[in-house]
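Written below as structure tokens is the structure these notes are about.
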Amino acid sequence: HLQHDFGLGLCYKNREAMGGWEWGHSIDISYDHYGFCMAGIITDMIIAAISITCGIGAFRKKRLQQESLKQGAVKLYCSFIVFACVAAVTFFTGGVAHLMIRIGAISKEPLGKKWGDENSHWLIPWLIAVCSMPVAAFANLAVMLAAYDLSWCALAPAYIFGACIGLVEGVLISEEKLLTNYSGAPSALMFLLTSTACIVLACIKAIRDKTDKEGGMWLAMIGNISTFLGWLVVGSAPAECKRYSDPERDCPYP
């Protein structure tokens with residue numbers, strides 16, 4: 001099991017293995033169901049860094065090959081750059097929000113869950129994160145649709161639908177009960193759905209396209225399988241695991 005880091009345990013800890021929750025009594029009940037593990041924060045930042053690096057790489061490659069690229073390839077590059085940039089914003093701001101929650105938990109101050117409350121500054125990056133997350137999910141789908149050389153008009157509905165789900169997320173953050181119970185859930189569901197669609201589309205494209213010698217579609221399929229499994233694991237965590245204030249909680253996750 002991972003040792004304590006930055007004052008608190010990393011994520012879910014096994015009560016029997018650790019001999020009880022050493023920091024359980026120090027966590028205010030207002031932090032229950034609000035993630036602040038260091039492993040998650042680091043993961044968010046790593047994904048953001050990878051996303052922006054890939055986006056810059058795709059942008060530079062597009063510029064270098066601008067004259068020789070076909071219209072379909074340009075569309076694919078542009079779609080990927082949009083996805084990479086939105087994903088970078090999503091995971092960076094999400095990581096910042098979780099870090100701010102963590103700092104509040106360490107300071108033992110109650111977590112503010114309404115705009116204007118004390119210790120509620122984390123809502124600003126969280127709002128950006130949850131509103132941009134469904135856009136990132138459907139931008140991912142748009143990349144795969146661009147690989148099929150569909151027109152920009154055919155790609156637009158994906159971005160529009162993602163933006164609409166983002167507005168729903170904005171509404172969910174406006175009220176405490178909605179924030180606690182549902183914020184982030186629509187975005188997670190959208191990532192599961194779009195990742196599934198991307199897996200199917202990438203597999204079909206990889207089988208049919210004999211000219212893809214670099215195996216780009218197979219890599220896209222593997223990436224989306226990883227994304228799907230990641231969101232599935234996060235979404236399936238029992239509610240008991242997130243009751244951080246309970247030193248006797250029983251969580252099956254390590």
Checklist line | Check: H98 ring centre within less than 6.0 Å of W126 ring centre | finding: yes
Checklist line | Single-linkage hydrophobic cluster, 4.5 Å side-chain cutoff, V86 and F161 together | finding: yes
Notebook entry, point to check: Which residues pass the ring pair (Phe, Tyr, Trp, His ring centres under 6.0 Å) test with F92, sequence neighbours left out?
Noted result: none
Check: Does CG in L229 sit with more than 12 non-hydrogen atoms of other residues, nucleotides or ligands closer than 6.0 Å?
Finding: yes
Notebook entry, point to check: If Ile, Leu, Val, Met, Phe, Trp and Tyr residues are connected whenever their side-chain heavy atoms lie under 4.5 Å apart, and connections chain through other members, are L76 and I81 in the same group?
Noted result: no
Check: Is any side-chain heavy atom of M217 closer than 4.5 Å to a side-chain heavy atom of C203?
Finding: no
Next item on the list: Using the rule that two of Ile, Leu, Val, Met, Phe, Trp, Tyr join whenever any of their side-chain heavy atoms come within less than 4.5 Å, decide whether I47 and L192 are in one cluster.
Entry: yes
Notebook entry, point to check: Is the closest side-chain heavy-atom distance between F138 and V143 below 4.5 Å?
Noted result: no
Notebook entry, point to check: Are I42 and L99 co-members of a hydrophobic cluster defined by side-chain heavy atoms under 4.5 Å apart?
Noted result: yes
Note to self: For the residue pair T90 / S132, report whether a side-chain donor-acceptor contact shorter than 3.5 Å exists.
What the structure shows: yes
Next item on the list: Take L123 and K114, measure what side-chain contact (heavy atoms from CB on, under 4.5 Å) needs, and give me the verdict at the end.
Entry: CA-CA 8 Å; L123 286 171; K114 295 180 180 179; 5.8 Å; no
Notebook entry, point to check: Going from CG on L127 to CD1 on I173, what distance comes out if it is rounded to the nearest 0.5 angstrom?
Noted result: 5.0 Å
Next item on the list: Decide side-chain contact (heavy atoms from CB on, under 4.5 Å) for I46 and I50; before the verdict, give the C-alpha distance in whole Å, the side-chain angles of both, and the deciding distance to 0.1 Å.
Entry: CA-CA 6 Å; I46 290 174; I50 293 173; 3.7 Å; yes
Note to self: Between N119 and P110, is there a side-chain heavy-atom distance shorter than 4.5 Å?
What the structure shows: no
Check: Should the ring pair F91 and W231 be called parallel, tilted or perpendicular, given that the plane angle runs from 0 to 90° and is split at 30 and 60?
Finding: tilted
Next item on the list: Measure the spacing between OG1 of T194 and CG of N140 and express it to the nearest 0.5 Å.
Entry: 5.5 Å
Next item on the list: Can you see which heavy atom on P186 is nearest to which on I165, and at what distance?
Entry: CB-CG2, 4.1 Å
Checklist line | Any L141 side-chain heavy atom under 4.5 Å of L201 side chain | finding: yes
Notebook entry, point to check: Run the side-chain contact (heavy atoms from CB on, under 4.5 Å) check on F228 and L193 step by step: do they pass?
Noted result: CA-CA 8 Å; F228 178 88; L193 293 176; over 6 Å; no
Checklist line | Flag side-chain contact, heavy atom, 4.5 Å: Y34 against W122 | finding: yes
Next item on the list: Compute both the distance and the angle, then confirm whether K205 meets the cation-pi test with Y148: under 6.0 Å from the six-membered ring centre, within 45 degrees of the axis.
Entry: yes
Check: In Å and rounded to the nearest 0.5 Å, what is the OG to CD1 distance from S51 to I56?
Finding: 11.0 Å
Notebook entry, point to check: Would a 4.5 Å heavy-atom cut-off, applied to side chains only, mark E118 and E109 as touching?
Noted result: no
Next item on the list: Give the minimum heavy-atom separation between P125 and M100, together with the two atoms involved.
Entry: CG-SD, 3.8 Å
Next item on the list: Could you pull out the closest heavy-atom pair between Y31 and A105, with the gap in Å?
Entry: OH-N, 3.2 Å
Note to self: Any salt bridge linking K108 with D28? Criterion: basic side-chain nitrogen under 4.0 Å from a carboxylate oxygen.
What the structure shows: no
Margin query: Ignoring hydrogens, what is the shortest heavy-atom contact between P134 and S187? Give both atom names and the distance.
Written below: CD-OG, 3.1 Å
Check: Quick one: does Y77's side chain have a donor or acceptor within less than 3.5 Å of a partner on K62's backbone?
Finding: no
Notebook entry, point to check: Is the number of heavy atoms from other residues, nucleotides or ligands under 6.0 Å of Y159 OH greater than 12?
Noted result: yes
Note to self: Return the OG to CE distance between S195 and M144, rounded to the nearest 0.5 Å.
What the structure shows: 10.0 Å
Margin query: side-chain contact (heavy atoms from CB on, under 4.5 Å), that's the test. Do M133 and E169 meet it? Break it down for me.
Written below: CA-CA 9 Å; M133 194 181 297; E169 287 281 15; 5.9 Å; no
Check: Linking I/L/V/M/F/W/Y whenever their side-chain heavy atoms sit closer than 4.5 Å, directly or via other members, would L178 and I101 fall into one cluster?
Finding: no
Notebook entry, point to check: Taking only residues two or more places apart in sequence or in another chain, which ones pass ring pair (Phe, Tyr, Trp, His ring centres under 6.0 Å) with F80?
Noted result: none
Checklist line | Flag side-chain contact, heavy atom, 4.5 Å: S30 against K113 | finding: yes
Check: So do W152 and S79 actually touch side chain to side chain, heavy atoms under 4.5 Å?
Finding: yes
Item checked: Exercise: identify the closest heavy-atom pair between G95 and I41 -> O-CG2, 3.9 Å
Checklist line | Straight-line distance of I27 CD1 to I106 CD1, nearest 0.5 Å | finding: 8.0 Å
Item checked: Atom pair OG/CE of S226 and M221 - distance to nearest 0.5 Å -> 10.5 Å
